[in-house]
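Beneath this line is the structure, given in structure tokens, with notes to follow.
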Amino acid sequence: MAESKAITPRAQDFSAWYNDLIQRAELADYSPVRGCMVIRPNGYAIWEQMQRALDDMFKATGHQNAYFPLFIPQSFLAREAEHVEGFAPETAVVTHGGGKELEEPLVVRPTSETIIYSMFGKWIQSWRDLPVLMNQWCNVVRWEMRTRLFLRTTEFLWQEGHTAHATEADAQAETLQILGIYRRFMEEWMAMPVLTGLKTESEKFAGALRTYSCEALMQDNKALQAGTSHHLGQNFAKAFEVQFQTAEGGLDYVWSTSWGVSTRLVGGLIMTHGDDRGLVCPPRLAQWQAVVVPIWRSDEEKAATCGAAERIGAELRAGGIRATPDLPEGLKQGAKYLAWEARGAPLRLELGPRDLASNSAMLARRTGGKEAVQLDGLADTVRRELDAMQDGLLAAARERREAHSLRGPKSKDEFIDFLRSDGGFVYAGFCGEPSVEAEIKELTKATIRCLPDAEFRSPEKPATCIWTGKPAAVEAVWARAY
RNA sequence: CGGGGCGUGGCGCAGUCCGGUAGCGCGUCCGCUUUGGGAGCGGAAGGUCCCGGGUUCGAAUCCCGGCGCCCCGACCA
């Protein structure tokens, strides 16, 4: 039945697969406004799980949530030179309100540094006021030329952290602390392994001293920048006059950071784990970790299996598992299985008369495999299965990434061939010249994703630049990226 | 902004070349039969054919002008 329900296989057209999956899993839909998306309940549920986990981590490290307004005076953006250059072209501007032309146009925030530092200036007087550790969950607007559901939409949801510190060292420590939190979240919750490292000058945030990022590799071997943490130095502090009296009695500008992850992560989740049947959602982020599907022939069997499904659902929930029975709505169980698979539910428990008779259920994993399990101690069994799946997904993703990574290409040709064929991460020496970076991008469409942190670097630092043959300043990782 | 594709019941499409009663599949609703991997039969509802002009006895179809969306590139989380 219905070809229309089929998802285009990844191998045939990855981009069509991605779009089909989002529709089939009912994660999001296109809005009437170009480039904007409606996040549907199934998609939003994943975002909510992400928010909860991240928010807990931020709070645990002393951050507080606040909320700053959507509108920013246009002049604010202009105060930091690099910042305005980076963001002005992609802002939406409100020129009218209440039927009248505004005296000063308002920018719809593309990010909130400017409005936040203007307030920090008021709030921070003394070294005793520092550090300020703030975060906000909000929407921002960037008028991108080309958009894709979750990965790049005109409006998107994110969190943006903004902190102010007394010393450069404190700001640096904060920048790295957040990078670590992001990494931990991506690996432990999303089961998405990432490289962490420093961005090059050409890739860093507009207005930052330096930018660190988490880089993941998608199933089509393109990289996804999954989160960034910026050390802003004193750039914004100077632009917005955020000064404080030091303990020694002097006057200094604060050192600040900003950092963010967005609904793009949902796109990363899809492209890391999804398969041709739909979404595969890591258990820790799944809206429903286990669904119980009753099966019957007669009315008596229906009453029995539906009743048991409800009871088992409640029992699992009592055991801390997000479980729900899928009671009749006119769909046959086969249709239900396929729908839950498309949505990415990690586990399915099939409950028919034969299972009930043997006090068992069929447990089917979204990642493959199906077997009978005893109803006694089911919550423990399910918890074990979920944990194993969570670990398995991370391991599989890491293995895939490594299988598509090339360390130390022997020659420039090998480097180019790798990027031009299947692609993936290439680790190689880099002389540090921005012009070389640009040339490589021109020729291969690949960019330096990051200068990897120590643990990701090759055992031996490359001696020469893969492009110029000159002595290498650093090891860099290249890939084509979203 | 350049290239490509497309606008027709809720969704996916045919019909457009060659003007003549607006169709098909899925979904929806009602009924009966079904239910261990996308159920079957019978009945029913549902359309400003993207918008505006023009040609014509007559336009989804031809002509002119708009608008919108998706995909591929350049910009970016």
Side-chain angles (χ1 to χ4, degrees), chain A residues 1-8 13-16 18-20 22-24 26 29-37 85-91 110-111 139-160 182 199 202-206 211 213-216 223-230 258-268 277-278 293-299 301-302 305-306 328-342 348-357 361-362 364 370 372 441-442 445 447 480-482:
Chain A
M1 175 165 169
E3 232 92 332
S4 64
K5 288 185 172 180
I7 297 173
T8 306
D13 183 343
F14 194 81
S15 179
Y18 180 79
N19 288 329
D20 286 355
I22 288 169
Q23 296 296 334
R24 280 283 286 122
E26 299 178 340
D29 207 345
Y30 297 101
S31 86
V33 179
R34 188 199 78 89
C36 293
M37 76 172 162
E85 197 184 324
F87 283 105
E90 53 183 65
T91 52
T111 177
N139 59 340
V140 289
V141 167
R142 297 182 188 178
W143 218 262
E144 302 289 354
M145 292 173 184
R146 199 156 118 51
T147 56
R148 304 196 67 198
L149 293 173
F150 289 112
L151 297 176
R152 187 175 302 102
T153 45
T154 301
E155 177 190 5
F156 58 93
L157 306 183
W158 76 344
Q159 59 70 216
E160 47 179 325
Y182 284 163
K199 286 289 190 184
S202 59
E203 298 277 331
K204 74 168 193 191
F205 176 75
T211 291
S213 76
C214 294
E215 300 285 332
L224 185 75
Q225 178 174 304
T228 46
S229 185
H230 316 292
S258 73
W259 27 276
V261 297
S262 71
T263 37
R264 161 178 275 195
L265 289 178
V266 178
R277 314 182 96 179
V293 181
I295 298 161
W296 67 87
R297 286 174 190 281
S298 65
D299 284 349
E301 288 175 346
K302 177 176 172 179
T305 56
C306 287
E329 284 169 31
L331 283 184
K332 289 179 67 173
Q333 67 281 353
K336 289 180 180 176
Y337 298 168
L338 291 161
W340 284 114
E341 280 164 6
R348 180 180 69 237
L349 292 160
E350 304 171 10
L351 200 63
R354 292 204 297 271
D355 304 304
L356 275 187
M362 289 301 290
K370 180 165 158 175
K441 184 178 180 183
E442 175 77 22
K445 291 180 178 150
T447 48
R480 294 180 62 175
Y482 274 98

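All heavy atoms count here, side chains included; hydrogens, waters and symmetry mates do not.
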Verify, without hydrogens or angle tests, whether A:Thr305 (side chain) and A:Trp296 (backbone) share a donor-acceptor contact under 3.5 angstrom. no
B:rC75 OP1/OP2 closer than 4.0 Å to side-chain N/O of A:Lys441: yes
Roughly how far apart, to the nearest Å, are B:rC69 and B:rG23 at atom P? 31 Å
Answer with base, sugar-phosphate or nothing: what part of the nucleic acid does A:Leu265 contact at a heavy-atom distance below 4.0 Å? nothing
Distance criterion of 3.5 Å, no angle test: do you see the side chain of A:Gln23 paired donor-to-acceptor with the base of B:rG12? no
For B:rG15 versus B:rG7, give the span between their P atoms, rounded off to a whole number of Å. 10 Å
I'd like the P distance from B:rC6 over to B:rG46, given in whole Å. 31 Å
If you measure from the C1' atom in B:rU55 to the same atom in B:rC62, how many Å do you get, rounded? 8 Å
On a whole-Å scale, what distance lies between the P atoms belonging to B:rG5 and B:rG19? 24 Å
Checking all strands, does A:Pro89 fall into the base, sugar-phosphate, or nothing category for heavy-atom contacts under 4.0 angstrom? nothing
How long is the straight-line distance from CG of A:Leu151 back to OG of A:Ser262, given to the nearest 0.5 Å? 9.0 Å
A:Lys370 atom NZ is separated from B:rG37 atom C1', nearest whole Å, by 7 Å
Touch class at under 4.0 angstrom, heavy-atom based, for A:Thr153 against every strand present: base
On RNA chain B, nearest-nucleotide positions of A:Lys302 versus A:Lys445: which is more 5'? A:Lys302
Describe, in one word, how the ring planes of A:Trp259 and A:Tyr182 are oriented to each other, choosing from parallel (under 30°), tilted (30 to 60°) and perpendicular (over 60°). perpendicular
RNA chain B stem ranges, 3 or more consecutive Watson-Crick or G-U pairs under 3.5 angstrom: B:1-7 with B:67-73, B:10-13 with B:23-26, B:28-33 with B:39-44, B:50-54 with B:62-66
Rounded distance in Å between the C1' positions of B:rC24 and B:rG65: 33 Å
Interatomic distance where NZ belongs to A:Lys336 and P belongs to B:rU34 [whole Å]: 18 Å
Rounded to the Å, how far apart are A:Trp158 CH2 and B:rC76 P? 15 Å
Indicate, with a heavy-atom threshold strictly under 4.0 Å, whether A:Glu341 touches base, sugar-phosphate, or nothing. base
Please step through side-chain contact (heavy atoms from CB on, under 4.5 Å) for the pair A:Asn19 and A:Thr8, ending with a clear verdict. CA-CA 9 Å; A:Asn19 288 329; A:Thr8 306; over 6 Å; no
Could you tell me whether A:Gly352 contacts a base, only the sugar-phosphate backbone, or nothing, with contacts defined as non-hydrogen atoms closer than 4.0 Å? base
How many whole angstroms separate atom CD of A:Glu144 from atom C1' of B:rA74? 12 Å
How long is the span from the CG atom in A:Leu265 to the CD atom in A:Gln159, to the nearest 0.5 Å? 9.0 Å
Pairs: protein N or O with nucleotides 66-70 of chain B N or O, under 3.5 Å:
| unit_1 | atom_1 | unit_2 | atom_2 | d |
| --- | --- | --- | --- | --- |
| B:rC69 | OP1 | A:Arg34 | N | 2.8 |

Answer yes or no: does a side-chain N or O of A:Arg297 lie under 4.0 Å from OP1 or OP2 of B:rU35? yes
Interatomic distance at C1', B:rC70 relative to B:rG12, whole Å: 15 Å
Rounding to a whole Å, what distance do you find between A:Leu356:CG and B:rU35:C1'? 16 Å
Rounded to the Å, how far apart are A:Met145 CE and B:rG2 P? 12 Å
If you measure from the P atom in B:rG9 to the same atom in B:rA22, how many Å do you get, rounded? 15 Å
In whole angstrom, give the distance that lies between atom CH2 of A:Trp296 and atom P of B:rA39. 12 Å
Determine whether A:Ile295 and A:Glu350 make a side-chain contact, defined as any pair of heavy atoms from C-beta on separated by less than 4.5 Å. yes
Indicate, with a heavy-atom threshold strictly under 4.0 Å, whether A:Ser15 touches base, sugar-phosphate, or nothing. sugar-phosphate
Identify which nucleotide among B:rG37, B:rC75, B:rA39 has an atom closest to any side-chain atom of A:Glu350, counting heavy atoms from C-beta outward. B:rG37
Could you grab the distance from atom CZ of A:Phe87 to atom CD of A:Glu85, nearest 0.5 Å is fine? 12.0 Å
If you look at every strand shown and take non-hydrogen atoms under 4.0 Å, does A:Gln225 touch a base, only sugar-phosphate, or nothing? sugar-phosphate
Report the C-alpha separation of A:Lys199 and A:Glu215 in whole Å, then their side-chain angles, then the decisive distance to 0.1 Å, and conclude whether the salt bridge (Lys or Arg N to Asp or Glu O under 4.0 Å) test is met. CA-CA 10 Å; A:Lys199 286 289 190 184; A:Glu215 300 285 332; 2.8 Å; yes
Among the nucleotides B:rG37, B:rU35, B:rA74, which one has an atom lying closest to any side-chain atom of A:Arg146? B:rA74
Could you tell me the separation between the CG atom of A:Leu151 and the P atom of B:rC75, rounded to a whole number of Å? 17 Å
Decide side chain to side chain donor-acceptor pair (under 3.5 Å) for A:Thr147 and A:Arg34; before the verdict, give the C-alpha distance in whole Å, the side-chain angles of both, and the deciding distance to 0.1 Å. CA-CA 9 Å; A:Thr147 56; A:Arg34 188 199 78 89; 4.7 Å; no
On RNA chain B, does the nearest nucleotide to A:Arg354 precede the nearest nucleotide to A:Glu155 from the 5' side, or the other way round? Give the residue. A:Arg354
Interatomic spacing from CD in A:Glu144 to CD in A:Glu90 - rounded to 0.5 Å: 4.5 Å
Check whether A:Tyr337 forms a cation-pi arrangement with A:Arg348 (NZ or CZ under 6.0 Å from the six-membered ring centre, at most 45° off the ring normal). yes
A:Thr153 side, atom OG1; A:Arg148 side, atom CZ - distance, nearest 0.5 Å: 12.0 Å
